[in-house]
Amino acid sequence: MIMHIFRVFPQMEQVIVAMQDPDLGIKMKNQRLLITVIPHAMTGNDIVEWLMKKYSIMEEEALHVGDLLVRHGYIYPLKEPRNLVLRPDESPYRFQTPYFWSSQQWPASELDYAIYLTKKNIRKQGQLIDYEKENYNLLHKRINHTWDFVVMQAKEQLRASKQRRKADRIVLECQEQAYWLINRPPVECLTPRLSQRDRGKQSNTKCEHSSRMSLMHSDWSLAVTFPSSFIKYSEQYFSHDPMMHGCPPSNPWITDDITHWALNTNTVSTPTKLRVERWSFRFMELLSDPLGRLKFMEYLEKEFSAENLCFWEACEDIRHGENSRIPQKVQEVYKQFLAPGASKWVNVDSKTMEKTLEGLRRPNRFVMDDAQMHIYFLMKKDSYPRYLKSDLYKNLLVKAIAPQETKRSVFPFMRRHRHSSPNPALVAQALEEDGKAKRLGSPRITSPATSP
Amino acid sequence: MLRGSSAVAIDNERNKHPSDVIAAASAARARRSGRVGLATASRSTSDPHPAEMATHELHPNDTLTTLKMESENLKAKLEEERAKLHDVELHQVAEKIEALGQFVMKTRRTLKGHGNKVLCMDWCKDKRRIVSSSQDGKVIVWDAFTTNKEHAVTMPCTWVMACAYAPSGCAVACGGLDNKCSVYPLSLDKNENLAAKKKSVAMHTNYLSACSFTNSDMQILTSSGDGTCALWDVESGQLLQSFHGHGADVLCLDLAPSETGNTFVSGGCDKKANVWDMRSGQCIQSFETHESDINSVRYYPSGDAFASGSDDATCRLYDLRADREVAIYSKESIIFGASSVDFSLSGRLLFGGYNDYTINVWDVLKGNRVSILFGHENRVSTLRVSPDGTAFCSGSWDHTLRIWA
C-alpha cells in the first residue's frame, strides 16, 4: 500500500488539477466561516457532484474518491480541520496549496514542526492538543540547543502573518494545519474498540506500561509516519546505493577499475548525473558535497547573496575549530558579516542580532549558533529551492555524465593493475610546503584528494 | 564448519499475500524463525480473553496476592494484544514493499599484516584507505584498494580497542587499555617515527572503547569503560564536555548526521542506548530494550533512527521521532552476539558482524535476513561501510580484515 501511494500521487494530482480548471472544474465561491469570508472555497457536496459527473460514477464511489483526496492532504476542511473526512453536505473545503502536497520531496523536518507548534502555542496559549503537547515537549528536549532559534522564527512568522488580511491569514493557517495533520498525525494508545473515524475524540487513556508503546491503527497514518519516512528515504537513495543498484560504470572493488572514483572527485569539471540529482534531495546533501557547495556558491554570487553561505561556513569553522582560536575567529566573523557597514553583511533579524551581540562579550563555540541557524534556514527555504529551478542547476543536470554500466570483463581472471592514489596526508603536506597554507574554507571542505 | 571465502548463502523469504497475514500471523511466526517487531508469544487458546477476565465476579477466596497476579496477567495479555496488532501493522506495511532480489557479496580484498586480533577499523574520506588497530598494540593505515600498508604505529599498550581516521586524512586517533586517546599526524617520511609527534588528547579513568572525530580534525568524541563519554579539543587536550548517565561501561558511539549536528548516540553494558546533546551534555533520549551489552550503535543515514548490535544476539532499530524501538533483527539460529553494525548507503540493508564468525545482512524494512557471509575464521569484531557505500570492511580476531562488495 505504501508503494501504491507514492505511485498514485501524480494521478491524484491530475484529478486535483482538473477540479480546479477555470472552465470545467468546480465552481468556487466565497464560503462563510463563522464571521469571516473565505474566498475560493467549495462545499463537500460540490466535490461529490463534480466527481460523479466527471467520471460517470455513483455517489458512493465519488464520496470514496473524494474522501481519499482529503485524507492525503490535497483538500482540507475549513470547519473541524482535525477531522480529515469528506462530508457530502454544505461543509466548506479548500484545495491545499501545491507547496504542501504530500508528494513534495522535502521531508517535514523536526525544526519545521517545532516552529509550527511553537507558533500555535504562542498564538493560542494552551491550545495545543495532548499529542501536540507531547510532541512539543519531546522536541523541546531533543533539540533544546536550537530552541532559541525556534522561538525567534516562530515569532517572526507570526509577526509577518499579522500583516496579512484576516481571510488570507485563516487560509494560510488552515493550509499549514492540514499539512501537519498529515505529516505528524496523532498516535494514540490502542483500545480494542476505538474506531478510525473517532479521531476527533482524542482519547486520553494512559498507556499502561512504562515505555511509550504508541500504535498507529489507521492505514493512511501509517503511510506517513514511521514506515513511510524510512521507505521514502530508501526509495529515494535506491539508485545511489552501489550495493542495491550497482555503480556506474563499475564497482572499483569488483572490477579493479577506478573510473567510478575518478568521475566523482571534488575537482572534477563535470559531475555525474547521480551526484547532481542527489543535491536536490535535501539541502544538507548539497552542502556536504564540496563540489555541490561550490556550484551553489556560484549561483549565490549571481544572486548577490553569497555572503550567506560564506557566513555559514565561517560559523562552522568556529564550531569545529580549535578552542584557542575561537575569540579571534568570532571577532573576524563579526567584522566581516555582522558589524554595521560590514563588507559581507548578512541579514539576521534584530532579536537574533541582539542575542549574538550579547554573546560576543564572552565568545564560545556556540555564540554564533542562532545566527547561523537563521541564515541556514534562509538559504534552505529561499535560495535552495530557487537554485534547483535555476538554469545553472538545470544545465548541470543536462551536461552531467551518466556512464554506462560496463559488462563483466571478457577475461574475468585477468587482473587489472590496481593503481595507487596519493595519500591525503601527502597532498596536505605538499600544499603546506608550497606555502599555500591557507585553509580551504571550513574544515569540512578540506577533503582528501580522490584522484587516481 | 566454514565454507570457502567466496561462498555465500542466500536466504530469501518469500512474501505472503496480504490477506493471509492477519489470519496467519502467529502461525507464520512460529513457522519462520525470523521475526519483525516486538517479541510476541503465541497466545494459548485456553487463556481467557482479557475483556472476559475483567468481568469475572469477585470470589470470596480472592486474596490481594491473587488479585495482583490477575492484574499482572491482564496487563501482560493487554500488552500482548497491543503488540500483536502493532506487529501485524508493521508486518503488513513491510509486506507491500518489493522483496530484495538475489544478493551476492564476496570478499574482494584480504588485508593481512596484524599479528593479533583486529579490534577496530575506520575508513578515510577518500573511500579507499582505512586504519585498523589490534590487540598487539599495532595501528596500521592501509590503502585497502591495493592492500599496501602505508603507515604503522606501535602503541605503548596492548588492546587498542578504538581507532578513527581524521576527516582531512592527515591523522589517526587511537587508544585502548592505556585509558587515553592519542592523535598521530600521518607523515610520509619513512624515517620519521610517527610516535614522536603523538598528541595525547583524552584521559579517562578506564579503557577507551570508542573514538570518533567530529566534523573536523580539531575535536574528538570518546567513550570509555569508566561509564562516560567526552568531547575533547585536540590541540590543547582540553575537555570540552562530558556526558554522564550510563550505569556501566560505554562500549560504542556514533555521531548524528543532521542539520544541527549536535547529537550523538552511545551504547553500554547497562543495556541502554542514550542520545546526547553535545552542547549541554544532557541525555535527551534513552532506550532500554536490549537484554545484554550493546556493542555497537550506528545512525540510519537520514539521522531519524539508529541501529544497535548486542550480546543478546539481536540487532534493533530505534526510531528517534517515535521515541521507541521499531524493529528487531534476529533469528533462532543466531545465538552469538552481534559486535558491530552498519547501514548501506540507502539504509535498506543492515550489516551485522557476529561473534560466531559470520556476517548477517538484514533487510531493514522487511526485517528478514537477506544473506549470511562466511569467511572469517574467528569473531568479527568491527564492521564499517565505506563512505561512498561501494563496499564494507570487516575486522576479525583471525588477524585479518576483509573488504566485501
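When reading the values below, keep in mind they use all heavy atoms of this one structure, side chains included, and skip hydrogens, waters and symmetry mates. Residue numbers begin at 1 in each chain, while the letters A, B, ... track the order of the sequences.
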With B:E288 via salt bridge (Lys or Arg N to Asp or Glu O under 4.0 Å) - residues at least two apart: none

query: Heavy-atom distance under 4.5 Å to chain A: side chain of B:P301, backbone, both or neither?
result: both

- prompt: Can you tell which of B:R279, B:M278, B:Q282, B:Q219 has the highest number of heavy-atom pairs within less than 4.5 Å of chain A?
  reply: B:R279

- request: Check whether B:A171 gets within reach of chain A through its side chain, its backbone, both or neither, counting any heavy atom under 4.5 Å.
  value: neither

query: Heavy-atom distance under 4.5 Å to chain A: side chain of B:N148, backbone, both or neither?
result: neither

task: Can you tell which part of B:F213 gets under 4.5 Å to a heavy atom of chain A, answering side chain, backbone, both or neither?
output: neither

- request: Let me know if B:T214 has heavy atoms under 4.5 Å from chain A in its side chain, its backbone, both or neither.
  value: side chain

- prompt: So what's closer than 4.5 Å to chain A heavy atoms on B:V385: side chain, backbone, both or neither?
  reply: side chain

task: With a 4.5 Å cut-off on heavy-atom pairs, point out which of B:D277, B:D143, B:L320 contacts chain A the most.
output: B:D277

message: Quick check for you: to the nearest 0.5 Å, what is the distance between A:R325 atom CZ and A:K329 atom NZ?
response: 4.5 Å

- prompt: Under 30°, 30 to 60°, or over 60°: which ring-plane class applies to A:F283 and A:Y376, parallel, tilted or perpendicular?
  reply: tilted

- request: Look at the side chain of B:R129 and the backbone N and O of B:W123, then say whether any donor-acceptor pair between them is shorter than 3.5 Å.
  value: no

task: Identify which of B:A391, B:C170, B:P257 forms the greatest number of heavy-atom pairs closer than 4.5 Å to chain A.
output: B:A391

- prompt: Hey, are B:D388 and A:W261 close enough side-chain-wise for a donor-acceptor pair under 3.5 Å?
  reply: yes

message: For the interface with chain B, which of A:M373, A:H260, A:R365 has the highest count of heavy-atom pairs at distances below 4.5 Å?
response: A:R365

- request: Please state whether the side chain, the backbone, both or neither of B:T263 comes within less than 4.5 Å of a heavy atom of chain A.
  value: side chain

query: Can you tell if the side chain of A:F377 reaches within under 4.5 Å of the side chain of A:F149, non-hydrogen atoms only?
result: yes

message: Measuring from atom CZ of B:F392 to atom CG of B:L349, what distance do you get when rounded to the nearest 0.5 angstrom?
response: 10.0 Å

query: In chain order, what residues pass the salt bridge (Lys or Arg N to Asp or Glu O under 4.0 Å) check against A:K141, with sequence neighbours excluded?
result: none

- prompt: Is the shortest distance from a Lys or Arg side-chain nitrogen in B:R348 or B:D363 to a carboxylate oxygen in the other one below 4.0 Å?
  reply: yes

query: Between A:C247, A:S324, A:A425, A:S239, which shows the greatest number of heavy-atom pairs under 4.5 Å with chain B?
result: A:A425

task: Check whether B:Y300 gets within reach of chain A through its side chain, its backbone, both or neither, counting any heavy atom under 4.5 Å.
output: side chain

message: I'd like to know if the side chain of B:N274 and the backbone of B:C283 have a donor-acceptor N/O pair within less than 3.5 Å.
response: no

- request: Heavy-atom distances under 4.5 Å only: say whether A:N423 touches chain B with side chain, backbone, both or neither.
  value: both

message: I'd like to verify something: which residue of B:T146, B:D304, B:N262 has the highest number of heavy-atom pairs under 4.5 Å with chain A?
response: B:N262

query: Taking the six-membered ring for Trp, are B:F287 and B:Y318 parallel (under 30°), tilted (30 to 60°) or perpendicular (over 60°)?
result: tilted

field: Proximal component of A:H245, with respect to chain B [non-hydrogen, under 4.5 Å]
entry: neither

statement: Ranking B:S302, B:S386, B:G347 by heavy-atom pairs under 4.5 Å to chain A gives rank one to B:S302

- prompt: Between B:L186 and chain A, which part of the residue has a heavy atom less than 4.5 Å away: side chain, backbone, both or neither?
  reply: both

